[in-house]
Undergrad: 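Got a structure for you, questions after.
Atoms within a ligand are numbered from 1 in the order they appear, just like the ligands themselves.
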Amino acid sequence: MPRALVTGAARGIGRAVAEALRDAGYEVIGTSRDPAGITDPPSGVRFLPLDLANGDSIAACADQAGQLDLLVNNAGFSQAGPLCETPWPEIEDLITTNWTGVIRLTRAVMPGMAQGGRIITVGSLAGRIPLPYVAVYAGLKGGLESFTKALRLELAPLGGTACIVEPGFVKTDIRQDLFVDPASPHAERVARVRAFRAESMARAAGPEEVAAAVLKAAQSPNPKAVWVAGRGARLFNVLSRVLPAGMFERAYRRKLGI
Ligand SMILES: NC(=O)c1ccc[n+]([C@@H]2O[C@H](COP(=O)([O-])OP(=O)(O)OC[C@H]3O[C@@H](n4cnc5c(N)ncnc54)[C@H](OP(=O)(O)O)[C@@H]3O)[C@@H](O)[C@H]2O)c1
């Protein structure tokens, strides 16, 4: 039975991924910062504690997980607000969790991975086509795409691989901290972008669509590096590639009202 570690598996996308892998015959180990506090854990999934902001926690989790066939780097959160109005400790917190923690955990499990092991990271379409006022989140997700592509080349001679699954908006209760000064010159535009996000989230795909893409990436004999997940996200991604860059940006700004 192949063995998978899915970070942030108690809810949202991670939970759907854990359930899809379990149903496909994987032994699934999920993580949460507080496994004892999960009120309705997904059945058949064993939980380990993991806080991506804590190096000791990462080392202990990698150690307890043992030999893995698959790591799904899913856990993370998001943040919004004009860059210069977002307090530095908050930015650092995001970097520590969404970037440093992901790299640390990947690095910690790699030496013990089974022959042909896979690393699948949940990125975001925001890493390719960012919304305004999520500069650091988008930058980190974009960075994870390059991280994945480089790791893929590193793993290929060993028979392993790495992929990134990039969803557009997904209907979950993802944490998104908002930082805007009361007298911000950006306030109106931030409000318009927030409204666009809220409308998009309301009609977004469910986490199952992302889980289906992760499962395909896990099972495909020769998986591609980047999987854009969700109908709207795929169309948007194609438009951003086929339209001239200036035309796409003008249309995008009009749509966002900025
Ligand atoms: N929802 C979207 O629209 C969307 C779109 C594109 C990409 N994504 C990406 O999808 C991934 C999952 O997001 P989601 O929408 O499913 O959000 P979610 O429902 O809030 O789930 C996030 C998970 O991350 C875990 N987590 C948060 N901080 C952590 C930390 N410091 N250490 C370890 N685990 C931590 C949480 O686990 P515990 O609280 O149990 O510890 C939780 O299970 C994220 O990487 C996100 O950036 C989401």
Undergrad: Which option wins on minimum heavy-atom distance to atom 5 (C) of ligand 1: G168, G30, P167, S124?
TA: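 Looking at heavy atoms only, G168 sits closest to atom 5 (C) of ligand 1.
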Undergrad: For the pair R189 (side chain) and P185 (backbone), establish whether a donor and an acceptor sit closer than 3.5 Å, ignoring hydrogens and angles.
TA: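 Checking the backbone N and O of P185 against the side chain of R189, a donor-acceptor pair under 3.5 Å is found.
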Undergrad: So, for A138 and P130, which heavy atoms are closest and what is the spacing to 0.1 Å?
TA: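 Taking every non-hydrogen atom into account, CB-CB, 3.6 Å.
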Undergrad: Using distance alone, determine whether D51 and ligand 1 share an N or O pair under 3.5 Å.
TA: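 Yes, since at least one N or O of D51 sits under 3.5 Å from an N or O of ligand 1.
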Undergrad: When you measure from atom 45 (O) of ligand 1 to each heavy atom in N74, T96, L50, V122, which option holds the nearest one?
TA: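 Checking each option, the heavy atom nearest atom 45 (O) of ligand 1 is found in N74.
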Undergrad: Just to confirm my output: which protein heavy-atom neighbour is closest to atom 40 (O) of ligand 1, and how far is it?
TA: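 Residue, atom and distance for the closest contact: S32 OG, 2.7 Å.
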Undergrad: Treat each ILVMFWY residue as a node, draw an edge where side-chain heavy atoms are under 4.5 Å apart, and state whether M113 and V6 are in one component.
TA: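 Different clusters: M113 never reaches V6 through Ile, Leu, Val, Met, Phe, Trp or Tyr contacts under 4.5 Å.
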Undergrad: Give a yes/no verdict on whether any heavy atom in E166 is under 4.0 Å from an atom of ligand 1.
TA: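 Flag not set, E166 not near ligand 1.
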Undergrad: Within the supplied structure, the quantity of interest is the number of heavy atoms (other residues, nucleotides, ligands) at a distance under 6.0 Å from D173 CG; does it exceed 12?
TA: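 Check fails, neighbour count at 12 or below.
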Undergrad: Can a side-chain donor-acceptor contact be found between E85 and S184 if the only test is distance below 3.5 angstrom?
TA: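 Short answer, yes.
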Undergrad: Heavy atom to atom 24 (O) of ligand 1, shortest distance: which of G123, G76, S78, G127 holds it?
TA: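 Ranked by closest heavy atom to atom 24 (O) of ligand 1, first place is G76.
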Undergrad: Testing the 3.5 Å rule here: is there a donor-acceptor pair between the side chains of S57 and D51?
TA: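 No, no side-chain donor-acceptor pair sits under 3.5 Å.
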Undergrad: Indicate whether any N or O donor in one side chain lies under 3.5 Å from an N or O acceptor in the other, for R175 and Q79.
TA: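 No, Q79 and R175 have no side-chain donor paired with an acceptor closer than 3.5 Å.
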Undergrad: Could you check atom 14 (P) of ligand 1 against the protein and tell me its nearest heavy-atom contact, residue, atom and distance included?
TA: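 Of every protein heavy atom, T172 OG1, 3.6 Å lies nearest to atom 14 (P) of ligand 1.
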Undergrad: Using a cut-off of 6.0 Å, state whether more than 12 heavy atoms not belonging to R253 lie near its atom CZ.
TA: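 No, not enclosed.
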Undergrad: Should T31 be counted as touching ligand 1, given the test is an N or O pair under 3.5 Å?
TA: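 It does not: no N or O of T31 is found under 3.5 Å from an N or O of ligand 1.
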Undergrad: What protein heavy atom lies closest to atom 3 (O) of ligand 1? Include the residue and the distance to one decimal.
TA: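 In this structure, atom 3 (O) of ligand 1 has V170 N, 2.9 Å as its nearest protein heavy atom.
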Undergrad: Using 4.0 Å as the upper bound for N to carboxylate O, is an ion pair formed by R11 and D40?
TA: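 Looking at D40 and R11, the cut-off is not met.
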Undergrad: For atom 32 (N) of ligand 1, which protein heavy atom lies nearest, and how many Å away is it?
TA: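 Protein heavy atom with the smallest distance to atom 32 (N) of ligand 1: L52 N, 2.8 Å.
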Undergrad: Looking at atom 13 (O) of ligand 1, what's its closest protein heavy atom, distance included?
TA: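 The protein heavy atom lying closest is I174 CD1, 3.8 Å.
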Undergrad: For R194 and Q176, does a side-chain donor sit closer than 3.5 Å to a side-chain acceptor?
TA: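 Per modelled atom types, R194 and Q176 side chains form a pair under 3.5 Å.
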Undergrad: By number and element, which atoms of ligand 1 are closer than 4.0 Å to a non-hydrogen atom of T97?
TA: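 Those qualifying, in numeric order: 30 (C), 31 (N).
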Undergrad: For atom 19 (O) of ligand 1, what is the nearest protein heavy atom, given as residue, atom name and distance?
TA: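 In this structure, atom 19 (O) of ligand 1 has R11 NE, 3.4 Å as its nearest protein heavy atom.
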Undergrad: Is N98 in polar range of ligand 1, meaning some N or O pair under 3.5 Å apart?
TA: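 In this structure, N98 places no N or O atom under 3.5 Å from an N or O of ligand 1.
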Undergrad: Is the contact between K141 and ligand 1 made by the side chain, the backbone, both, or neither, using heavy atoms and a 4.0 Å cut-off?
TA: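 For K141, only side-chain atoms sit under 4.0 Å from ligand 1.
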Undergrad: Check whether Y137 and L144 end up in the same hydrophobic cluster, where Ile, Leu, Val, Met, Phe, Trp and Tyr are linked by side-chain heavy atoms less than 4.5 Å apart.
TA: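 They do share one cluster, since a chain of ILVMFWY contacts under 4.5 Å joins Y137 to L144.
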Undergrad: Heavy-atom contacts with F169 under 4.0 Å: which atoms of ligand 1 show up? List them by number with element.
TA: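 Result: 3 (O).
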Undergrad: Tell me the protein heavy atom at minimum distance from atom 30 (C) of ligand 1, and give that distance in Å.
TA: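 Its nearest protein heavy-atom neighbour is R33 CD, 3.6 Å.
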Undergrad: Of all the atoms in ligand 1, which lie at a distance below 4.0 Å from a heavy atom belonging to G12?
TA: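 Here the atoms of ligand 1 in question are 16 (O), 19 (O).
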Undergrad: Using a heavy-atom cut-off of under 4.0 Å, does the side chain or the backbone of I13 touch ligand 1, or both, or neither?
TA: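 Both the backbone and the side chain of I13 come within reach of ligand 1.
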Undergrad: Do me a favour and list the nearest non-hydrogen protein atom to atom 34 (N) of ligand 1 with residue, atom name and distance?
TA: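 Here the nearest protein heavy atom works out to A75 CB, 3.4 Å.
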Undergrad: Report the member of F47, F77, Y137 with the shortest heavy-atom distance to atom 47 (O) of ligand 1.
TA: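 It is Y137 that holds the nearest heavy atom.
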Undergrad: May I ask you to say whether R15 pairs ionically with E19, meaning some side-chain N is under 4.0 Å from a carboxylate O?
TA: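 Yes, this pair counts.
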Undergrad: Measure the acute angle between the ring planes of F248 and F236, then classify it against the limits of 30° and 60° as parallel, tilted or perpendicular.
TA: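 Rings of F248 and F236: tilted, as their planes differ by 30° to 60°.
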Undergrad: Which bit of M201 gets closer than 4.0 Å to ligand 1, counting heavy atoms only: side chain, backbone, both or neither?
TA: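 Contact part for M201 vs ligand 1: side chain (C-beta onward).
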